[in-house]
Colleague: 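Just passing along the structure, written as structure tokens.
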Amino acid sequence: MAQPLVFILNGPNLNLLGRREPAIYGHDTLAAIEELCRRSGATLELEVDFRQSNHEGELVDWIHEAGDSAAGIILNGGALTHTSVALLDALKGVDLPAIEVHLSNIHRREEFRRHSYPAQGAVGVIAGFGPQSYALALVAMANLIAAQAPR
Ligand code: CA2
């Protein structure tokens, strides 16, 4: 039987990970985080579609695409987290469980990072555990999907 598909969507500048600001975001590249997600997904029997874009509209399009083809969305909106009503509306527009993730603990940082728009459309938020935030989100997503599945 096909495994449930989870979209893991990453926003602006996350492609720069591992090259700058290691004190905040660590030394792992986004490719290394994708590999972690693939391994965690395989253990949890989830198929992972991992993407990154620097463009808000492309992220909105991918959320819509997930609505047609996926069982759940894990979103690190990057800086768009703090500005994008469009990402929130897109999450609200699809009938899927969503989990917001962040590498850093956004509540320990500048005031402007403490508010998230997409969080209002998410089941929950996991922040501050570095790349492990993604692995923890996959465990939570596996539980959400299993709870929905017909028994
Ligand atoms: O902690 C997170 O995961 C963030 O979503 C990362 C975003 C930031 O704007 C959010 O407030 C929290 C930043 C993405 C990565 O930015 C980099 C910039 C320069 C070098 C490396 C990464």
Side-chain angles (χ1 to χ4, degrees), residues 4-41 43-44 46-67 69-145 147:
L5 173 63
V6 177
F7 273 32
I8 303 181
L9 303 180
N10 295 280
N13 298 311
L14 284 156
N15 55 313
L16 298 178
L17 282 177
R19 290 185 235 164
R20 301 227 178 90
E21 304 232 57
I24 301 174
Y25 299 120
H27 291 279
D28 285 328
T29 62
L30 195 62
I33 295 174
E34 177 173 2
E35 183 51 32
L36 169 69
C37 290
R38 292 208 176 286
R39 279 189 274 113
S40 302
T43 305
L44 295 162
L46 297 174
E47 190 184 335
V48 166
D49 189 332
F50 191 98
R51 304 181 187 186
Q52 187 273 334
S53 176
N54 293 322
H55 304 281
E56 184 175 22
E58 188 160 37
L59 291 161
V60 168
D61 286 344
W62 288 345
I63 291 170
H64 296 174
E65 186 185 332
S69 59
I73 299 169
I74 295 172
L75 174 67
N76 184 349
L80 290 171
T81 302
H82 318 298
T83 61
S84 180
V85 178
L87 287 182
L88 170 60
D89 286 348
L91 290 181
K92 285 185 168 172
V94 296
D95 189 20
L96 285 184
I99 298 174
E100 178 173 312
V101 297
H102 296 286
L103 295 159
S104 62
N105 179 353
I106 55 175
H107 300 288
R108 276 185 81 158
R109 301 184 61 194
E110 303 96 324
E111 181 68 36
F112 67 85
R113 294 190 202 273
R114 293 187 191 157
H115 177 261
S116 162
Y117 283 98
Q120 289 182 54
V123 178
V125 179
I126 299 172
F129 298 96
Q132 282 298 319
S133 293
Y134 288 75
L136 292 167
L138 276 163
V139 171
M141 183 59 75
N143 284 318
L144 288 171
I145 292 169

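What's counted below: heavy atoms across the whole structure, side chains too, no hydrogens, waters or symmetry copies.
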Colleague: Do the non-hydrogen side-chain atoms of W62 and I73 ever get within less than 4.5 Å of each other?
Modeller: no
Colleague: Among pairs that include at least one residue of residues 114-137, which meet salt bridge (Lys or Arg N to Asp or Glu O under 4.0 Å), considering only residues two or more places apart or in two chains?
Modeller: E111-R114
Colleague: So, for A98 and G121, which heavy atoms are closest and what is the spacing to 0.1 Å?
Modeller: CB-O, 4.1 Å
Colleague: Where the side chain of N76 meets the backbone of G11, is there a donor-acceptor pair that is under 3.5 Å apart?
Modeller: no
Colleague: With sequence neighbours left out, which residue pairs that include part of residues 83-123 fulfil the ring-ring contact (aromatic ring centres under 6.0 Å, His included) condition?
Modeller: H115-Y117
Colleague: How close do G67 and V94 get, heavy atom to heavy atom, and via which atoms?
Modeller: CA-CG1, 3.8 Å
Colleague: Working to the nearest 0.5 angstrom, can you tell me the gap between Q120 CD and L88 CG?
Modeller: 5.5 Å
Colleague: Going by side-chain hydrogen bond (donor to acceptor under 3.5 Å, both in side chains), name the residues that satisfy it together with N105, two or more places apart in sequence or in a different chain.
Modeller: none
Colleague: Locate the shortest heavy-atom distance separating L138 from G41; write the atom from each residue and the value.
Modeller: CD1-N, 4.2 Å
Colleague: Output the distance between atom CG (L30) and atom CG (N10), rounded to the nearest 0.5 Å.
Modeller: 5.0 Å
Colleague: Is the closest side-chain heavy-atom distance between L91 and I63 below 4.5 Å?
Modeller: yes
Colleague: Under the ring pair (Phe, Tyr, Trp, His ring centres under 6.0 Å) rule, collect the residues that match up with Y25, sequence neighbours excluded.
Modeller: none
Colleague: So V60 and L87, do their side chains get closer than 4.5 Å, heavy atoms only?
Modeller: yes
Colleague: For the pair E100 and S116, evaluate side chain to side chain donor-acceptor pair (under 3.5 Å) and give the outcome as yes or no after the intermediate values.
Modeller: CA-CA 9 Å; E100 178 173 312; S116 162; 2.7 Å; yes
Colleague: Sequence neighbours left out, what passes side-chain hydrogen bond (donor to acceptor under 3.5 Å, both in side chains) with S84? Give chain and number order.
Modeller: E56
Colleague: Output all residues satisfying salt bridge (Lys or Arg N to Asp or Glu O under 4.0 Å) with R109, sequence neighbours left out; order by chain, then residue number.
Modeller: none
Colleague: Indicate yes or no for a side-chain donor-acceptor contact from R108 to the backbone of S104 under 3.5 Å, with no hydrogens or angles considered.
Modeller: no
Colleague: Checking R51 side chain against F7 main chain: does a donor-acceptor pair fall under 3.5 Å?
Modeller: no
Colleague: Any side-chain heavy atom of L59 sitting closer than 4.5 Å to one from P12?
Modeller: yes
Colleague: As an exercise, state the distance from CG of L9 to CG of D61, rounded to the nearest 0.5 Å.
Modeller: 11.0 Å
Colleague: Nearest 0.5 Å, please: how far is CG in L103 from CD1 in I33?
Modeller: 5.0 Å
Colleague: To the nearest 0.5 angstrom, please state how far the CD atom of E58 sits from the CD atom of Q52.
Modeller: 9.0 Å
Colleague: Quick one: CD on E35 to CG on D28, what's the gap to the nearest 0.5 Å?
Modeller: 11.5 Å
Colleague: To check you understand the geometry: which heavy-atom pair defines the closest contact between I99 and I126, and what is its length?
Modeller: CG2-CD1, 4.3 Å
Colleague: How close do P118 and T81 get, counting heavy atoms only, and between which atoms?
Modeller: CD-O, 3.4 Å
Colleague: At their closest point, which heavy atom of S40 faces which heavy atom of A135, and how far apart are they?
Modeller: OG-CB, 3.8 Å
